[in-house]
Amino acid sequence: MRRSFYARPVLDVARALIGCVVSHDGASGVIVETEAYHDSEPACHAFIGRTGRTHTLFGPPGYAYVYRSYGIHALLNAVAEPPGVGAAVLIRALEPISGIDAMRARRSLERVDSLCSGPGKLTQALGIELSENGSDLIHGPILIEARPRRWRDPPVTVDRRIGITKAAELPWRFSVTGSRFVSRRPAGLSRARSDAPVA
DNA sequence: CATGGGATTGACT
DNA sequence: GTCAATCCCATGC
C-alpha cells in the first residue's frame, strides 16, 4: 500500500482499511474493525497537542502509533492525514488468516474467533510491542497490505466508538457487517448474521 | 517527585 | 452484570 493511502481524511482511511491485511512476526489477519481518531475531538490523544506521547500522531502518515492501554495492553494505530494533523486509525479486530498456531501460542487460547477480537488481543496475537511505536507500516516489521480479492468490497457497518467517555456520540467505528471476529457486535444487530465472509 | 486517568481484558457473581 | 490488574504519560506542586 502506498503512503498516499494514509494521507487522506482519517474517516476515509478507517473505512478503507477494512478488508486489508496486517501481518507481523509470522502471523496475519484481515482487518474487520477500526475506529478513527482526530485531533479536533477530545477522545483523540492528539487533542492536547504535540507532546512526547503524541509525537507520532502528528508525524507523516503510514506509520504505527503504538501505546500502552491500562498498563497492560499495546494498542495499534495507523497514522493518517498529512504531517501536522494528529490523526490515526485504531485497529480493533482481525479475522486470522495465517500463523494461527503462533497466535494461539502467544494468546494461550485455542478459539480462532477470540484470538484477535479486540485491540489488545490482536497485538498480543501478532507479537506487536510498544517498541514498534513510530515504525513504518509500508516496509515493516508491521505490514499493512491491500485487500485480498475476496475482501474487495466487504459490507461495512458504521456506529459509535467503544470504551471512551469523551465524544462518544461520534459514529466513527467501522466493522464488517455480521463478522464474528469483531470485538463487540454493533448495537441493533444482536441477531447473528451469516452473510459475512468466512475463513 | 506524586498523582490520576485511561482507545482493555479476563475472571467472577 | 461487576471489578481488579498494571504502567505510561501529562500535569501540578
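The chains referred to below are lettered A, B, ... by the order of the sequence lines, with proteins before strands, and numbering in each begins at 1.
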OP1, OP2 of dA10(C) versus side-chain N and O of Thr51(A): anything below 4.0 Å? yes
Length of the line joining Tyr70(A):OH and dC3(C):P, which is rounded to integer Å: 15 Å
Tell me: CZ of Arg161(A) to P of dT8(B), nearest whole Å? 11 Å
Suppose we call two aromatic rings close when their centres sit under 6.0 Å apart. Are Tyr65(A) and Tyr67(A) close by that rule? yes
Assess whether a salt bridge exists between Arg161(A) and Glu41(A), defined as any Lys/Arg side-chain N lying under 4.0 Å from an Asp/Glu carboxylate O. yes
Before you tell me yes or no, could you show the steps for Thr177(A) and Thr157(A) under side-chain hydrogen bond (donor to acceptor under 3.5 Å, both in side chains), namely the whole-Å CA-CA distance, both residues' side-chain angles and the distance that decides it to 0.1 Å? CA-CA 5 Å; Thr177(A) 305; Thr157(A) 295; 2.7 Å; yes
Between P on dA10(C) and NE2 on His45(A), what's the gap in Å once rounded to a whole number? 10 Å
Got a donor-acceptor contact below 3.5 angstrom from the Gln124(A) side chain to the Lys121(A) backbone? no
Does a salt bridge link Arg104(A) with Asp101(A), judged by any charged N lying under 4.0 Å from a carboxylate O? yes
Can you tell me the distance, in whole Å, between the CZ atom of Arg53(A) and the P atom of dC7(C)? 15 Å
Backbone N or O of Ala7(A) within a donor-acceptor pair of the Arg3(A) side chain at under 3.5 Å? no
Tell me the partner of dA5(C), counting only Watson-Crick (N1-N3 plus N6-O4 or O6-N4) or G-U wobble (N1-O2 and O6-N3) with both under 3.5 Å; none if nothing fits. dT8(B)
Mind checking Ile164(A) for me? I need base, sugar-phosphate or nothing, with any heavy atom below 4.0 Å counting as a touch. sugar-phosphate
Rounded to the Å, how far apart are Glu129(A) CD and dC7(C) P? 14 Å
Figure out the OH/P separation between Tyr65(A) and dC8(C), and round it to whole Å. 14 Å
Give a yes or no answer on whether the side chain of Thr54(A) reaches the backbone of Thr51(A) with a donor-acceptor pair at less than 3.5 Å. yes
Interatomic distance, Glu33(A) CD vs dA7(B) C1' [rounded to whole Å]: 11 Å
Scan nucleotides 9-11 of chain B against the protein and return all N/O pairs shorter than 3.5 Å with their distances rounded to 0.1 Å.
residue, atom, partner, partner atom, Å
dT9(B), OP1, Pro119(A), N, 3.1
dT9(B), OP1, Gly120(A), N, 2.9
dT9(B), OP1, Lys121(A), N, 3.3
dT9(B), O4', His73(A), NE2, 3.2
dG10(B), OP1, Arg107(A), NH1, 2.9
dG10(B), OP1, Arg107(A), NH2, 3.3

Ile162(A) CD1 to dA7(B) P, straight-line distance once rounded to whole Å: 13 Å
